[in-house]
Amino acid sequence: MNGLRNQVRLQTDGQLKTAKDVIIMAMLGADEFSFGTLPLIVLGCVMMRKCNTNTCPVGVATQDERLRARFMGRSEYVVNFFTFLAEQVREYLAEIGVRKLKDIIGRTDLIEVKTVPVGSSVESKWATIDFSRLLYRPDTDKPLFWDRGSFTTVSGVKDEEIIKAAQKAIDDQEEVNLDYAIKNTDRAVGTMLSGVIAKKYGEVGLPDGTINIKFKGSAGQSFGAFAVKGLNLKLEGECNDYFGKGLSGGRISILPPARVSADFRAEDNIIAGNTGLYGATNGELYVNGRVGERFGVRNSGAIAVIEGAGDHCCEYMTGGRVVVLGKTGRNFAAGMSGGLAYVYDPDHTFDYFCNMDMVELSLVEDGVSRKELLELIRQHYLHTGSALAGRMLDDWHRYIEDFIQVTPIEYKRVLEEEKMAKLHEKIADIQRDY
């Protein structure tokens, strides 16, 4: 053993249902246990397997207000379920004769393999199964579980320095402007700072532009994750996966270094990794360049402008706005049930790359949509200095004709119903006046 085992967390999932399942998985070496299906059942899921069609009959996985009204689940049900599960786990531990769950993690010696009677119909098949490698237990005194106490202390990260420098802004809401170099071992930069702000101000955050931080270099994973309102992060360089994950009101701008040569076309080069803007709820993201795969997955309210994307962009998106000023990969908008996307499509080939199961495509003809798109591109130019955005703004009437609007079918229906409801209210007001 090289001592690595106690430095990593092993998680198991898939069909965990009872306390006995937890006990067995712990003996096989699991530190954590992931439950997915069973809590959904507790909340009322009937396993119709229509989560991606927006037609969940019990209102668990849908944006349809009529269906959501049928949802009968309560958080207390889930709390009760896991309470009973934990109690049964403790009963099993008492039977085994140990006090804590970690005492049985990796204890494969406690697992007994059933024997099959000689002459049984399954004897020949049973004999072909060898559990020796699965149940192997190394002869070592080192822990065979994740040592939680040794690896939960965070120290020496860049956010500690940033929090100290931004203390006036955190305490008194005074504007601060900071500059830092960044490298790819600096992960989740801005996240601890956002946590400190959220702890004091909650969801409201700070006034816009209170903390402005400029970075130069290559950022590690999760740059700007969970950035809150009032926090503006600007990166000159590049960044790894999960940038802007869980964005919660902040603003992130990513652009190439100012020293790049004049013949460098940002829109033709990837500047940020995969899974950007995952699960974002609010805020703005502007990327002067292309991004990787699965951009904007589960975005529910953030605004983003990028200059190209890989496969599966806007997957399961439920809200917000995404503007793509370049080419996209395949399977765009798969499972997209809310929000809007605008894609620049001069070659008129976008319909080939878009998943049409839940969305429809149209030209940007509505005056409100045109104004919205123009403003988003203007903000992109303002925060990144994008040459592509500049060209579009200079000749807007030509470029707008090549944009495609991606609208979820159900979302469009809801918007039309809201418009009709407002129209009826106006008519009723006019009739009352007369």
Side-chain angles (χ1 to χ4, degrees), residues 179-184 189 212-221 223-224 227 232-244 247 250-277 280 283-296 302-314 321-329 332 341-347 349-350 353 373-396 398-400 402-404:
D179 286 89
Y180 294 96
I182 193 170
K183 55 185 183 297
N184 62 5
V189 172
N212 306 288
I213 310 176
K214 184 177 181 180
F215 298 94
K216 291 184 178 180
S218 298
Q221 287 191 343
F223 174 76
N232 298 332
L233 306 178
K234 187 173 185 178
L235 171 64
E236 286 190 11
E238 59 190 1
C239 67
N240 213 312
D241 300 342
Y242 285 102
F243 56 98
L247 187 64
R251 181 190 299 130
I252 301 175
S253 305
I254 303 172
L255 58 152
R259 65 179 182 275
V260 297
S261 59
D263 59 348
F264 177 89
R265 289 171 57 90
E267 63 267 27
D268 295 335
N269 293 271
I270 296 176
I271 193 173
N274 301 315
T275 332
L277 208 70
E284 304 169 38
L285 172 67
Y286 303 101
V287 183
N288 183 197
R290 296 178 57 82
V291 302
E293 296 183 355
R294 298 192 181 279
F295 178 83
I303 292 172
V305 183
I306 58 178
E307 299 183 1
D311 297 341
H312 316 294
C313 186
C314 296
R321 298 290 186 270
V322 171
V323 180
V324 185
L325 306 181
K327 295 182 178 180
T328 70
F332 189 99
Y342 301 98
V343 180
Y344 180 56
D345 182 34
D347 299 329
T349 58
F350 176 67
F353 297 97
L373 177 58
L374 176 62
E375 180 58 26
L376 292 174
I377 296 177
R378 184 181 288 120
Q379 290 297 315
H380 180 58
Y381 178 76
L382 175 65
H383 295 294
T384 67
S386 167
L388 175 59
R391 292 196 300 271
M392 288 184 171
L393 294 174
D394 290 340
D395 197 4
W396 178 244
R398 180 174 70 85
Y399 279 96
I400 184 61
D402 288 326
F403 272 93
I404 297 295

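Keep in mind the model is a prediction, meaning the values are calculated, not measured.
No more than 12 heavy atoms of other residues, nucleotides or ligands shown are found within 6.0 angstrom of OH on Tyr242.
For the atom pair Thr384 OG1 and Tyr286 OH, the distance stands at 9.5 Å (nearest 0.5 Å). Atoms CG and CG, on Leu247 and Leu285 in that order, are 7.0 Å from each other to the nearest 0.5 Å. Note: Ser386 OG to Leu325 CG = 6.5 Å, rounded to the nearest 0.5 Å. Here the straight-line distance linking atom CD of Glu284 with atom CD1 of Ile303 works out to 5.5 Å at 0.5 Å rounding. Atoms NE2 and CD1, from His383 and Ile252 in turn, are 12.5 Å apart once rounded to the nearest 0.5 Å. Atom-to-atom distance recorded for Gln221:CD and Asn274:CG is 10.0 Å, nearest 0.5 angstrom.
Here the side chain of Asp395 pairs no donor or acceptor atom with the backbone of Arg391 at under 3.5 angstrom. Remark: side-chain polar atoms of Asp345 are not paired, donor with acceptor, to backbone N or O of Ile404 under 3.5 angstrom. In terms of modelled atom types and a separation under 3.5 Å, the side chain of Asp241 and the main chain of Thr275 share no donor-acceptor contact. Using modelled atom types, no side-chain atom of Asn184 and backbone atom of Ser218 make a donor-acceptor pair closer than 3.5 Å.
Between Val287 and Ile271 the shortest heavy-atom distance is CG1-CG2, 3.4 Å. Among all heavy-atom pairs drawn from Gly224 and Leu233, the shortest one is CA-CD1, 3.6 Å. Among all heavy-atom pairs drawn from Gly244 and Ala280, the shortest one is O-CB, 4.4 Å. The two residues Arg290 and Glu307 have their closest heavy-atom pair at CG-O, 3.6 Å. Heavy atoms only, all atoms of each residue included: Ala266 and Pro256 are closest at CB-CG, 3.9 Å.
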Evaluate the side-chain contact (heavy atoms from CB on, under 4.5 Å) criterion for residues Leu393 and Leu374: first the C-alpha distance (whole Å), next the side-chain angles of each, then the deciding distance (0.1 Å), finally the verdict. CA-CA 8 Å; Leu393 294 174; Leu374 176 62; 3.6 Å; yes
Full working for side-chain contact (heavy atoms from CB on, under 4.5 Å) between Lys216 and Asp179: CA-CA 8 Å; Lys216 291 184 178 180; Asp179 286 89; 5.6 Å; no
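Residues Glu375 and Arg321 are not paired through a salt bridge, judged by the lack of any N-O separation under 4.0 Å between the basic side chain and the carboxylate.
Here the side chains of Phe295 and Phe243 are in contact, with some heavy-atom distance below 4.5 Å. Using a 4.5 Å cut-off on side-chain heavy atoms (C-beta onward), Val324 and Phe403 make no contact. Side-chain contact check for Leu235 versus Phe223: some heavy-atom pair is nearer than 4.5 Å. Using a 4.5 Å cut-off on side-chain heavy atoms (C-beta onward), Leu388 and His380 make no contact. In this structure, Ile400 and Leu373 have side chains that are in contact, with non-hydrogen atoms separated by less than 4.5 Å.
In this structure Tyr381 satisfies the ring pair (Phe, Tyr, Trp, His ring centres under 6.0 Å) test with no other residue, sequence neighbours excluded. Considering only residues two or more places apart in sequence or on other chains, Phe353 meets the ring pair (Phe, Tyr, Trp, His ring centres under 6.0 Å) condition with none of them.
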